[in-house]
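These numbers come from a predicted model, not from an experiment.
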Amino acid sequence: MEKQLNNCEGFAKALGLEAATDDLYVGKFRGFPVGLKFIDPHGAILLLFQIRHWQTENSPQVKAVAYGEEIATLLKEKRIQIEIDDRIAWLTISDLGEQLKVDEVAGVLDSVLQSFEKAGLIGDPELCHYCQKEKVPNLSAADGKVAQICPACLNERVSKTQAAASKPTSEAVPIFLMTPFAAAAGAALWAGCWMLFSVLLDSSKSDTVVVPRLLIALIALVIGLVAGAPVGGIIRWNGRRGNVASASAAILFGGLAVAGGEILYLSWLIWRWYDVFSLSVAARVLPDYYGNSDPIFLALKFMAAVVTVVLAYEMGKPDAVRLKL
């Protein structure tokens with residue numbers, strides 16, 4: 001098997017592992033459930049093995065693990081790495097020479113697992129790793145990890161995951177009470193950025209200013225990020241936020257930040273031209289202002305508005321609650 005593995009599935013099958021997901025292969029070695037992922041299979045190949053055991057990271061059994069001379073040498077030369085966490089150990093094989101051979105990889109894995117076995121990291125290899133009572137004939141895989149778990153323990157963890165997930169409308173009241181203040185801050189930042197942009201254009205003292213398209217895109221990105229951050233940040237601050245509440249608030253108040261910022265910006269322009277500051281007048285003449293504006297300038301503002309709303313949405317959306325095994 002060459003260093004650049006073109007047939008990951010064949011390599012895994014040669015090790016006695018079967019595909020569980022698109023990138024995870026699972027099986028058993030010396031009674032230990034083992035998972036394998038190929039990192040950068042067409043480049044600097046790296047094999048990442050996950051090994052399930054029974055013990056906690058600080059248990060006496062883990063501290064008693066002693067590796068053979070060959071494994072100790074590979075560790076010293078940093079050709080492999082081993083990390084042992086609660087109920088799972090990670091074996092990384094990054095360099096076994098110019099060729100990765102199945103028998104060499106299997107030998108390393110077998111030697112490491114033999115050390116784990118002698119230290120007592122696992123008992124009856126057929127039992128559930130959680131209750132350690134029920135027999136489990138088949139391995140499971142979730143969130144990219146292999147597990148040996150009985151139906152009762154799995155259902156218990158699924159129930160906890162579902163309970164931890166927020167309802168779609170969770171935290172709607174505090175989000176909709178607090179986010180208007182963030183929208184006001186976003187509006188002020190939006191207006192301030194466009195004021196600065198206008199001042200910079202006016203300082204050129206030229207009737208025509210050529211702005212590269214890449215620079216236009218960068219300006220839109222920066223202004224959108226600056227204006228959307230307060231809205232997204234305050235939504236994210238509500239830890240138990242639901243999907244519907246977060247998305248609705250991000251779209252609504254992100255849009256209000258842009259609209260409010262435009263009115264504030266136009267009020268500033270009117271003040272510059274006529275020495276009169278009026279938000280109501282700015283709101284009334286806003287459609288005419290857009291109708292007489294340069295299309296490229298309007299496109300720039302539209303791009304910035306999209307970035308504002310998208311950022312608020314991405315920052316505010318709840319983190320996915322994953323099944324922990």
#### Entry: Within 6.0 Å of OH in Tyr313, more than 12 heavy atoms from elsewhere
no

### Task
Kindly compute the distance separating CZ (Phe32) from CD1 (Ile122), expressed to the nearest 0.5 Å.
5.0 Å

### Task
Might you work through the side chain to side chain contact (heavy atoms under 4.5 Å, CB included) test for Val105 and Phe49, ending with a clear yes or no?
CA-CA 11 Å; Val105 172; Phe49 287 96; 3.6 Å; yes

### Query
Taking the side chain from Thr56 and the backbone from Asp86, do they hold a donor-acceptor pair closer than 3.5 Å?
no

### Rounded distance [0.5 Å steps], CD in Gln61 versus NE2 in His53
10.5 Å

#### Entry: Members besides Val309 in its Ile/Leu/Val/Met/Phe/Trp/Tyr cluster (side-chain heavy atoms under 4.5 Å)
Ile251

## Note on the structure
Distance col, row Leu256:CG vs Thr308:OG1, nearest 0.5 angstrom, shows 12.0 Å

### Task
Check salt bridge (charged side-chain N to carboxylate O under 4.0 Å, His left out) between Glu314 and all other residues, then give those that pass, not counting sequence neighbours.
Lys317

### Query
Linking I/L/V/M/F/W/Y whenever their side-chain heavy atoms sit closer than 4.5 Å, directly or via other members, would Leu36 and Leu139 fall into one cluster?
no

### Query
Could you state the interatomic distance from OG1 (Thr73) to NZ (Lys76), rounded to the nearest 0.5 Å?
7.5 Å

#### Entry: Any residue meeting salt bridge (charged side-chain N to carboxylate O under 4.0 Å, His left out) with Glu117, in chain and number order, not counting sequence neighbours
Arg30

### Query
Do the non-hydrogen side-chain atoms of Tyr130 and Gln148 ever get within less than 4.5 Å of each other?
no

### Query
Distance only, no hydrogens: is a donor on one side chain within 3.5 Å (strictly under) of an acceptor on the other, for Lys37 and Gln50?
no

### Message
Looking at Ile296, I want to see if its CD1 is surrounded by more than 12 non-hydrogen atoms of other residues, nucleotides or ligands under 6.0 Å.
### Response
no

### Query
Checking Arg236 side chain against Met315 main chain: does a donor-acceptor pair fall under 3.5 Å?
yes

### Task
Report yes or no: do Ile93 and Val26 belong to one cluster of Ile/Leu/Val/Met/Phe/Trp/Tyr joined by side chain heavy-atom distances under 4.5 Å?
no

### Message
Return the CD to CG distance between Gln81 and Leu48, rounded to the nearest 0.5 Å.
### Response
10.0 Å

### Query
Under a single-linkage definition using a 4.5 Å side-chain heavy-atom cutoff for Ile, Leu, Val, Met, Phe, Trp and Tyr, are Val65 and Phe29 assigned to the same hydrophobic cluster?
yes

List the atom pairs, donor and acceptor, that lie under 3.5 Å between side-chain atoms in residues 11-19 and the rest of the protein, sequence neighbours left out.
none

### Query
Does Phe253 share a hydrophobic cluster with Ile234, counting links as ILVMFWY side-chain heavy atoms below 4.5 Å and allowing steps through other members?
yes

#### Entry: Donor-acceptor contact below 3.5 Å, side chain Arg87 vs main chain His129
yes

### Query
Donor-acceptor pair, Ser248 side chain versus Val244 backbone, under 3.5 Å?
yes

### Query
Looking at side-chain heavy atoms only, is the closest gap between Thr92 and Leu46 below 4.5 Å?
yes

### Task
Please indicate whether Glu57 has more than 12 foreign heavy atoms, meaning atoms of other residues, nucleotides or ligands, lying under 6.0 Å from its CD.
yes

### Query
Out of curiosity, Ile51 CD1 to Lys28 NZ, how far, rounded to the nearest 0.5 Å?
14.0 Å

### Query
If every non-hydrogen atom of Leu300 is compared with every non-hydrogen atom of Ala220, which pair is closest and at what distance?
CD1-CB, 3.5 Å

Side-chain donor-acceptor pairs under 3.5 Å in residues 266-275, sequence neighbours left out?
from	atom 1	to	atom 2	distance (Å)
Ser267	OG	Ile263	O	2.8
Ser267	OG	Ser278	O	3.4
Arg272	NH1	Asp202	OD2	2.9
Arg272	NH2	Asp202	OD2	3.1

### Pairing residues for Glu134 by the side chain to side chain contact (heavy atoms under 4.5 Å, CB included) criterion, not counting sequence neighbours
Cys131, Cys150

### Summary
Applying salt bridge (charged side-chain N to carboxylate O under 4.0 Å, His left out) to Lys63 and not counting sequence neighbours gives none

### Message
Applying salt bridge (Lys or Arg N to Asp or Glu O under 4.0 Å) as the test, list every pair that has at least one member in residues 189-201; sequence neighbours left out.
### Response
none

### Query
What closest approach, in Å, do Leu24 and Ala141 show between heavy atoms, and which atom pair accounts for it?
CD2-CB, 4.0 Å

### Query
Do any N or O atoms from the side chain of Asn155 and from the backbone of Pro151 form a donor-acceptor pair under 3.5 angstrom?
yes

### Contacts of type ring-ring contact (aromatic ring centres under 6.0 Å, His included), residue Tyr25, not counting sequence neighbours
Phe38

### Query
Phe302: what forms a side chain to side chain contact (heavy atoms under 4.5 Å, CB included) with it, not counting sequence neighbours?
Val306

## Note on the structure
Scanning both residues in full, the closest heavy-atom pair of Ile80 with Val108 reads CD1-CG1, 4.3 Å

### Task
For Leu225 and Ile223, run side chain to side chain contact (heavy atoms under 4.5 Å, CB included): C-alpha distance rounded to whole Å, both residues' side-chain angles, the deciding distance at 0.1 Å, then the answer.
CA-CA 5 Å; Leu225 293 176; Ile223 294 177; over 6 Å; no

### Task
May I have the step-by-step check of side chain to side chain contact (heavy atoms under 4.5 Å, CB included) for Leu74 and Tyr67, ending in yes or no?
CA-CA 10 Å; Leu74 292 174; Tyr67 302 109; over 6 Å; no

### Task
May I ask whether Val136 and Ile88 are part of the same hydrophobic cluster, defined by side-chain heavy atoms of I, L, V, M, F, W, Y residues being less than 4.5 angstrom apart, directly or through others?
no

### Message
For Cys128 versus Cys153, what's the shortest heavy-atom pair and its separation?
### Response
SG-SG, 3.8 Å

### Query
Does Glu77 have any salt bridge (charged side-chain N to carboxylate O under 4.0 Å, His left out) partners at least two apart in sequence or in another chain, and if so, which?
Arg79

### Query
Looking only at heavy atoms, which two atoms of Ser140 and Ile149 are closest? And how far apart?
OG-CG2, 3.9 Å

### Message
Using the rule given for side chain to side chain contact (heavy atoms under 4.5 Å, CB included), can you reason through Phe116 versus Val62, listing the C-alpha separation, both sets of side-chain angles and the distance that settles it, and then say yes or no?
### Response
CA-CA 8 Å; Phe116 287 179; Val62 169; over 6 Å; no

### Summary
Heavy atoms of Gln132 and Leu127 approach each other most closely as O-CD1, 3.4 Å

Going by atom type alone, with no hydrogens or angles, which donor-acceptor pairs under 3.5 Å involve a side-chain atom of residues 174-199 and a protein atom two or more places apart or on another chain?
from	atom 1	to	atom 2	distance (Å)
Thr179	OG1	Ile175	O	2.4
Trp190	NE1	Glu262	OE2	2.9
Ser198	OG	Trp194	O	3.0
Ser198	OG	Tyr265	OH	2.5

